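Following: one structure in structure tokens, then a few remarks.
Sequence lines set the chain letters: A, B, ... in the order given, protein chains first and strands last, and positions in each chain run from 1. Not measured: the values here are computed from a predicted model.
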2 protein chains.
Amino acid sequence: MLSLTRKTEYALIAVCHLAHVGQKVVSAREIAEQHGMPLPLLMNVLKKLNRTGHVRSIRGARGGYVLAVSPEEFTLDALIEAVEGPVHLVRCTNADINGRKCTLANPCPIRKSVRKVHELLRELLNRITVADFAYVEPEAAQSSAKAVAQ
Amino acid sequence: MLSLTRKTEYALIAVCHLAHVGQKVVSAREIAEQHGMPLPLLMNVLKKLNRTGHVRSIRGARGGYVLAVSPEEFTLDALIEAVEGPVHLVRCTNADINGRKCTLANPCPIRKSVRKVHELLRELLNRITVADFAYVEPEAAQSSAKAVAQ
DNA sequence: TGAATATAGCATCGGACCGGTACGATTTCA
DNA sequence: TGAAATCGTACCGGTCCGATGCTATATTCA
């Protein structure tokens, strides 16, 4: 199950949309319609991003959302954590999180190595920012691809 | 859900165990007991690894399993694919896999970038091999950690 | 002041998939 | 021939994602 959830997809698209329009206020409905996403789902995601402070919400008529952090500083790791909760490669990387201890015989032979891989994954996710997911499609995606590849 | 399944954990531990004992035949029961894993689960995993040719099974009394590939050439990516199926960061990276097409409005603004991230993840998983998960715990894990960090 | 718009919060439901179990068949060795 | 061990398949339960609905709150505008 090494995959992103659909929530993260929606969040990524929405945040890219917000990054693209700058400081203009955009309603969830507008974003949903433009990308063919289910509105309630998108709203759930935006609520979470609002709670974590990554987007700012403006209520009422003519309300909507504005990106509250700079795209360059908004890492994929932060986005995933905001939407899905913290990333755990395996359950026992942080046994104290869910209380359930690793039941494997101690010492678990792969614990250290798994932890190392976990860190590598986190590093990768922290190198990638929302700015890399530039809201461009046709050919201009090369500059963003370069940043991601770095 | 950026995490490995428990199957992958079991597979990793078992393969490390096999790598550690060299060409000696080890039964699934022996591996399970030594690491406190549920035997049937481990057998399910070993069956899959046998079907993909990564371990060789010897039936009958005194039977068991032997690693069929060199630990240095057995990548984490291959192991995950053998146990869980192919890795998909998002559903639409290979829309033809499960038939279900991406329902988002085209052109999906993040498709290209997501695909790039997907490749980076695959690269990471391909750099890590079973040999990096050396079957050592106390302090000697540094040589393997070095290889992983590379 | 009232209606319309839009987000906030919570609760619920269905389905997919992982984790775990069970049973019988097959093969090998003593 | 019987014991040991793998092979194959089918099944069940729990968890969590995906999705929906309703109510409350805040803002704008006529």
Side-chain angles (χ1 to χ4, degrees), chain A residues 1-11 14 18 24-33 36-66 68 80 83-88 90-92 97-100 102-104, chain B residues 1-11 14 18 25-33 36-53 55-66 68 80 83-88 90-91 98-100 102-104:
Chain A
M1 280 216 310
L2 215 49
S3 61
L4 301 177
T5 65
R6 199 162 281 194
K7 287 180 196 168
T8 306
E9 285 185 58
Y10 294 155
L18 292 178
K24 211 179 79 176
V25 177
V26 186
S27 72
R29 169 176 323 234
E30 197 174 334
I31 300 176
E33 285 178 354
M37 293 187 282
L39 176 59
L41 265 290
L42 176 62
M43 292 185 72
N44 279 339
V45 166
L46 286 171
K47 282 178 216 172
K48 290 187 179 181
L49 290 174
N50 178 50
R51 252 173 284 174
T52 58
H54 291 105
V55 303
R56 190 165 57 86
S57 71
I58 293 108
R59 297 173 124 190
R62 317 291 291 280
Y65 292 93
V66 180
I80 293 174
V83 176
E84 307 185 26
V87 172
H88 291 304
V90 294
R91 297 167 199 247
C92 59
I97 285 286
N98 46 12
R100 289 186 290 183
C102 178
T103 62
L104 296 180
Chain B
M1 280 215 312
L2 215 49
S3 61
L4 302 178
T5 66
R6 199 161 278 197
K7 287 179 195 168
T8 306
E9 286 184 58
Y10 294 155
L18 292 177
V25 177
V26 185
S27 72
R29 162 163 317 173
E30 195 174 336
I31 300 177
E33 285 177 355
M37 294 186 283
L39 175 60
L41 266 289
L42 175 63
M43 293 185 72
N44 278 338
V45 166
L46 286 171
K47 282 179 223 168
K48 291 187 179 181
L49 289 174
N50 178 48
R51 250 172 287 173
T52 58
V55 303
R56 190 164 58 87
S57 70
I58 294 108
R59 297 175 122 186
R62 317 289 290 280
Y65 292 93
V66 180
I80 293 175
V83 176
E84 308 185 25
V87 172
H88 291 304
V90 294
R91 297 165 199 250
N98 46 12
R100 289 186 291 181
C102 178
T103 60
L104 297 180

How many whole angstroms separate atom [atom1] of [X] from atom [atom2] of [N]?
X	N	atom1	atom2	answer
E84(A)	dC17(D)	CD	P	7 Å
H88(A)	dC16(D)	NE2	C1'	15 Å
L46(A)	dA6(C)	CG	P	14 Å
R29(A)	dT5(C)	CZ	C1'	8 Å
K48(A)	dA8(C)	NZ	P	14 Å
R6(B)	dT15(D)	CZ	C1'	12 Å
L49(B)	dC7(D)	CG	P	11 Å
M43(B)	dA25(C)	CE	C1'	13 Å

Of all heavy-atom pairs between [X] and [Y], which one has the smallest distance, and what is that distance?
X	Y	answer
A28(B)	L46(B)	CB-CD1, 3.8 Å
A32(B)	L42(B)	N-CD2, 3.6 Å
V55(B)	N50(B)	O-OD1, 3.2 Å
Y65(A)	L18(A)	O-CD2, 3.5 Å
A68(A)	G53(A)	CB-O, 3.4 Å
A11(A)	V83(A)	CB-CG2, 3.7 Å

Any chance you could list the contact pattern along nucleotides 20-30 of chain D? Use B for base contacts, S for sugar-phosphate-only contacts and - for none, protein heavy atoms under 4.0 Å, 5' to 3'.
B----BBBSS-
Do the non-hydrogen side-chain atoms of L2(A) and L4(B) ever get within less than 4.5 Å of each other?
yes
With a cut-off of less than 4.0 Å, is there a side-chain N or O of [X] near OP1 or OP2 of [N]?
X	N	result
Y65(A)	dA8(C)	yes
N50(B)	dT6(D)	no
Y10(A)	dA19(D)	yes
S57(A)	dA8(C)	yes

Taking the side chain of S27(B) as its heavy atoms from C-beta onward, which of dG8(D), dA5(D), dT7(C) lies nearest to it?
dA5(D)
